[in-house]
Structure formats: structure tokens, C-alpha cells
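Atoms within each ligand, like the ligands themselves, are counted from 1 in listed order.
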Amino acid sequence: MNPKADDLGIYVHVPFCKHECPYCDFYKMELRIQPARTRIEYPRLILRELELLAPELTSVDRPVRTIYFGGGTPSTLPPKEVGALLASIRELLPVDADAEVTLEANPENLTAPRCHAWRDIGINRLSIGAQGFAPSELDLLERLHQPELIERILANARGAGFDNISLDLIFALPGQTLEHWQANVEAALALEPEHISLYGLTYHEGTPFGERHARGELRELDESLQAEMFRWASSRMEEAGFGHYEVSNFARPGRRSRHNTRYWNRRSVVGLGPGAHSNFGSRHWFNAGDLEGWKKSILAGGLFRSEPEESAPEVRTAERLYTRLRTAEGISAEDDPGLFGLCIRWSAAQGSAAAPWLHMTESSFALSTEGWLVLDALVESITRELFRSA
Ligand code: SF4
């Protein structure tokens, strides 16, 4: 891709949470172990980091299309400070007037006044960590809210003028039945969000859930039940008017996440804050997950990133294969003729056995819902073909 034709997304990582959920492997820490001034200081440090990066980012005209506050729990920060940061980002970089500006939020932070405050500073999309609607499931996940709160905060958000709201749900919890899962999806649909993300529970190494899983205290749900949950949710959401546009994501027409779509299209996203990753044209780098190290470096006037690297062309192709096959559009013959040709050759070699996994037309190669269930295995198989023919 010609970097001159590229545009930009900004990701701000906010590594603070009120409580560390036992399944989460993101870079984060409990806010209460930080000095009280952290919530004020952090957005200012992010701005300092952006000022250090700005000469590089503005070396060619690159409009900013999306800004995403993720975490961690960015809704723990004071809206006023985040508003000052947003205003400064707009001064430093050419941010589109209609840029998508997303805030990840937990229900317990979304009181009515705070919803108004977030809307007033220019947040126009909320991504809310609902995760489930059964009290016992929320207890297991150690979430800090109860199901009734989700309905209340949706009303708060709508009252403040938010018309682009996403809910996150987790499925395949230990002991969860198909009926429990169906009730969660129905409860989410009843709240009429514009977007829903569904994630299967993963027992990440190094997390309390990972340890309990290793000790045999938590058992993974049977694979065929997980597949049934995924299939059912996909068809129910489509029936309710949501497009299944990425393996984990569903949106009403015109409401796809523009920011996350940048990752799946391999467009530039620059990450700020400890633990953030950046892809900028063909280069990539990351900030290590080390708040103190990052802070020290930024205060001393230096970036805290790894050495920017150019990915090898075959690595870029393999990454593109993986991200594109996550999407409903898949790989386009027009935009990616080489990769498209490779996928067609791969499917010819598989014969009719591959048919249920694929959605192929003359101009695109994509995976079906069945294909998404075995996404990693398919990508691995096609990647082997890629490296064989390289
Ligand atoms: S799931 Fe969200 S709230 Fe829970 S620890 Fe992870 S980032 Fe924080």
C-alpha cells in the first residue's frame, strides 16, 4: 500500500480498571494502586507522547478518521481531561470533522451526568462491556455491575444523545447452557444497540482463570456446544437485522466499527500509551506494557517504543490473509489479486471437502460461518501454501 495514500486511526490505551477481571489478559492494573493524580496526569502524558510523534505522523497529509480509547477501562478517566486531550489531538493532527470517536466503558461508570459529559467532549460511540445478563455469570466473571444496570445505562447513554452503541458479550462460560446463552443474546437485542461483539471465553495463561483451568477447577465448554452457540447467535443476529461482518462482530447497516475495520483492512493505526501497538504504513512498533517506564521516558522527552520495523512482504501477506479472512468480505480479486489467486488454488487442492467453509464468488474469497469456526486451522493451511509458493 502506498503510505502517501494512507489515512490514520489513533488508539489510546488506558491501562486502569476498578477491578481486574480474572479472565482478562490485556495490559491493565487496578486504579486504586495508583496515586490519585494519575487520572488527571495520564491524558496529559498521552498528549506529550503524541507531540513527540506528531512530526513523523504529519510528514505527509494523513487525515485522522478514527480515535479509539480502549483499555483497561478508559471510562475511569475524567471526561474533562479526556476532552482537553481530544481538543489537542485536533489541533495537532487533521482530524475529520465526522471522525468516529469511541470510548470503551464499563456500566458502573456510565451515570447520566457522565454520559452527557462524554458526549459533550466529542465521544460519539460507546463500546460497553456488558458481558452477560445473568447475575451468576457476572459474578463468575467478577464484573462489578448487575444486569439491571445495563438497561439503565443504555437509557442514560440514549438520553445524552448517543446513537452508536456497541455491547460486548462473552459466551462459552463454564457450565453455560445454550439456553442461558440465548437468553443473553435476546437481552442484548432487546436493548437495541447498533453493534454487538461476541467473544468466546479464553483461558489465557497467566490469568487467574488460566490457572484455575490448569488446575482443573474450570472446565472448557464442550467444543460442539461452543460451535452451536456461535452458529445460533450468528443466525439470530442476522434475523434481527445485524450483519455478521467480522468473526466476532455484528452491526446494523452503517454501524460497523470504523476503527476496528482499519485493523482488518491493515490501515494505519498509531497506538499511544503503555501496551499500545502501532502499524504505520509498512512499519510497525509497540510500547511495552510498563506504565512507569513509559511515563519516565515521555517525561524525559523520549518515545518509549520498540525500534520501528518493516515487516517482510511475506509476513505482511500472511497477516493480511488472517485479518481479511476474519471479515465477511474476505479477499477481493481486485484489491489483492495475488492472495486471491493463492486462495483459489488452495481451495481447488482441497476439493469439495472445503465447500462448507467457503463463500467464493468470481471476485472474492471469504469464509462462511462454518469456516469461521475453524478459522485458525484454515489460515494455517493457506499460509503453508503461501510459504510453499513464495
Ligand atoms: S475485562 Fe475490561 S474491566 Fe475487566 S480487567 Fe480487562 S480491561 Fe479491565
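- For His13 and Tyr68, the ring centers sit 6.0 Å or farther from each other.
- Within a radius of less than 2.8 Å around atom 4 (Fe) of ligand 1, the protein N, O or S atoms are Cys21 SG.
- Heavy-atom proximity to Gly72, at under 4.0 Å, picks out these atoms of ligand 1: 7 (S).
- Every ring-ring contact (aromatic ring centres under 6.0 Å, His included) that Trp294 has, sequence neighbours left out, goes to Tyr42.
- Partners of His244 under the ring-ring contact (aromatic ring centres under 6.0 Å, His included) rule, at least two apart in sequence or in another chain, are Phe230, Phe250, Trp372.
- If you run side chain to side chain contact (heavy atoms under 4.5 Å, CB included) between Thr66 and each of Arg125, Arg267, Glu100, only Glu100 comes through.
- Residues meeting the salt bridge (Lys or Arg N to Asp or Glu O under 4.0 Å) test with Glu56, sequence neighbours left out: Arg283, Arg305.
- Of all heavy-atom pairs between Tyr245 and Ser257, the closest is OH-N, 3.0 Å.
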